[in-house]
Amino acid sequence: MMLSKGLKRKREEEEEGLAVDTWWLDPGHPAVAQAPAATAASSSLFDLSVLKLHHSLRQSEPDLRHLVLVVNTLRRIQASMAPAATLPPVPSPPPAPGVADSLLASSDAALSASMASLLEDLSHIEGLSQVPQPLADEGPLGRPTAGAPPSLGALDLLGPATGCLLDDSLEGLFEDIDTSMYDSELWAPASESLKPGPVEGPGKEETTPELDEAELDYLMDVLVGTQALERPPGPGR
Amino acid sequence: MAGAGGGNDIQWCFSQVKGAVDDDVAEGTSRKEAQVMLLSYVPACELQGLRFKPIHYSVGGRFTKPRKLYRVDLSRNQLGDREKVRHFDQATKDLVTQCLRTGQFKRTSSSSGNKIQSHSRGEYNVYSTFQSHEPEFDYLKSLEIEEKINKIRWLPQKNAAQFLLSTNDKTIKLWKISERDKRPEGYNLKEEDGRYRDPTTVTTLRVPVFRPMDLMVEASPRRIFANAHTYHINSISINSDYETYLSADDLRINLWHLEITDRSFNIVDIKPANMEELTEVITAAEFHPNSCNTFVYSSSKGTIRLCDMRASALCDRHSKLFEEPEDPSNRSFFSEIISSISDVKFSHSGRYMMTRDYLSVKIWDLNMENRPVETYQVHEYLRSKLCSLYENDCIFDKFECCWNGSDSVVMTGSYNNFFRMFDRNTKRDITLEASRENNKPRTVLKPRKVCASGKRKKDEISVDSLDFNKKILHTAWHPKENIIAVATTNNLYIFQDKVN
């Protein structure tokens, strides 16, 4: 299959005009038959792009070009996806039908928010010569700032938001993160409480009371978005 | 097969390959990625074991005519031995006769005596290898900086030594490569082993003389230009004033003076005030070959901006913007990714520039901004496979491109170790493969063809059989001759045109 890294495969007899690797466009395919073809394609691409975004962000120094291109492609896919789309059962485990709508909408909100803050977080790379911004500045020296590092916060929230994709691997997601950057007295309580889930917000609040208002608003917005699954989809953030 | 295009019906022949036999992605030492290997051209006559001394160099009007004239300089074939022998010894005579018989050399006579012209091409042999960069750890950001070299650029030669700039993600280094083939001997105050002599023991004085020694090639770092880039450096380009150069990372371009390492000028900055608004990065930058105030930079959105440094100190406002409107019939989710420009190169003349995006090569006239003057499809058969290529990340591969010496042919790489050449005059193109299978010198390369769909003809390769791990990202064309260098994952191939 051409889907894996450049493996050669024998030439197969194919349906006229249909390449094996675009199964999601095949109206006859059982997985696809349940949903409008275009939406199914977009959803798979959406999931794939989110995966790529995760992977890119997990690098200690993300490839900015790759990141920007994936984010822009993700935005295109989002824009083309109808709000009431159902996700196809393949490749991810199927969510409950009613949840799907709002999950998508909320993942819109959470995704935009977290992408935004992730990109903002990239300004950290600038180094200490910049004027520290309360929201963004954390630095590996563990300098005290307004509160929980927004980048970790955003990664947290990406998890629950796209829960259909990452249900079982949220723990695994955080295992990969090198927390040595945050090893200092000030951070220890916060980093220990950084577990995925809706409880995370209030928990953080208690252990790090120095959260400023803007940070709090931001967190609450996203939490409310993920928690209230029955809420009709609002405009993306 | 007769040469089917690729410029003046050139037939390309295998010449050499250097590198590992196994072409797969090596898990070997990363030190290799930071090594610079220099190859130097050894003329054919030297390969035969004869040392010929070139007495003058003539450039033929067409590439098929011989280029060098040699007088047989009767050395003893030992490096450093400069004594001339008055007469040919028998072995030398035999060798010369044999070369004349096999047609590798032709004798011509002229008023200055017998000369022998070389028809045979030489080879490139390893000249020097040195470690350019070391891995570093940035303590402030807790990040490891890879030693992997991203770009190398030669400086124009001004004296006997060669200079080049090499860069990794963060640091640029200026290297001096010099030869030493003699050393001074006979110091008065120093012994041969370097120990100092007691001046009171010196009874006579002598003048130190230079004695020949085995050729030594030294590479020494002369300048280190560091700490000017926050993001990953993707390009370096030497200005035509030969005093300054630019370095570009994802968001900024800096101007340096070759002599000054503690300071650089920022000339382009596209970092948004709010990183949330980041949608575009710089992918390549190059100075104009003749106009020292002009440079271009390309972006991930498929635009090229030409800037004039005289206009302002910070060239954030372009003088020209080159962009081709999107073809609505080809629109897809991946339109932006495949429009991202991976390389930009000015023609030698300076009148045109070439850009490489994922599927095509475009030639732009600097006087026309709204569309390219020529577009060449490199591997259009991949357009229907973009989704798979996105999944395996191949869609993000960055291919380079290059011009030939006369700007009449352009070349770029593709997958399956294929590379493509486009003749701008005849509009013909050719696909060739860099493979160890055709590794006999002077074997003519057979043109390849990829079958996009439908029935596959004999000798064609179907798209799904292409090996996407075998990619040719870097190619180079000799500025004067039809000699090309093509890099696969672990090997460097050198091809030359067939010499008649």
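Residue numbering restarts at 1 for every chain, and letters A, B, ... go by the order of the sequence lines. This is a predicted model, so every value here is computed, not measured.
A salt bridge is absent between B:E336 and A:R75: the closest approach of a Lys/Arg side-chain nitrogen to an acidic carboxylate oxygen does not fall below 4.0 angstrom.
Counting only distance, with no hydrogens or angles, the side chain of A:R76 and the backbone of B:S332 share a donor-acceptor pair below 3.5 Å. When atom types are taken as modelled, the side chain of B:D250 and the backbone of A:R65 share no donor-acceptor pair closer than 3.5 angstrom.
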- Task: Would you sort out whether B:F333 and A:S49 count as a side chain to side chain contact (heavy atoms under 4.5 Å, CB included), showing the intermediate values?
- Result: CA-CA 11 Å; B:F333 289 131; A:S49 301; over 6 Å; no
- Item | Chi angles and distances behind the side chain to side chain contact (heavy atoms under 4.5 Å, CB included) call for A:L45, B:Y390 | CA-CA 9 Å; A:L45 272 176; B:Y390 178 64; 4.0 Å; yes
- Task: Please test B:D169 against A:E61 for side chain to side chain contact (heavy atoms under 4.5 Å, CB included), starting from the C-alpha separation and ending with a verdict.
- Result: CA-CA 11 Å; B:D169 283 339; A:E61 243 192 317; 5.7 Å; no
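Within a 6.0 Å sphere centred on NZ of B:K398, heavy atoms belonging to other residues, nucleotides or ligands number 12 at most. No more than 12 heavy atoms of other residues, nucleotides or ligands lie within 6.0 Å of CG in B:N227, so this atom counts as exposed by the packing criterion. Crowding of B:F265 atom CZ: a count of heavy atoms from other residues, nucleotides or ligands under 6.0 Å not exceeding 12.
In this structure, CD in B:E280 is found 10.0 Å from CG in A:L69, a value given to the nearest 0.5 Å. Rounding to the nearest 0.5 Å gives a distance of 12.0 Å between OG1 of B:T283 and CG of A:L64.
Every residue two or more places apart in sequence or in another chain that forms a side chain to side chain donor-acceptor pair (under 3.5 Å) with B:N254 is listed here: B:H229, B:N266.
For a residue to count as touching a neighbouring chain, one of its non-hydrogen atoms must lie under 4.5 Å from one of that chain's; by this rule B:T279 touches chain A with backbone and side chain alike. Only the side chain of B:L251 comes within less than 4.5 Å of a heavy atom of chain A; its backbone N, CA, C and O stay farther away.
Across B:N234, B:V281, B:D138, the residue that shares the most heavy-atom pairs under 4.5 angstrom with chain A is B:V281.
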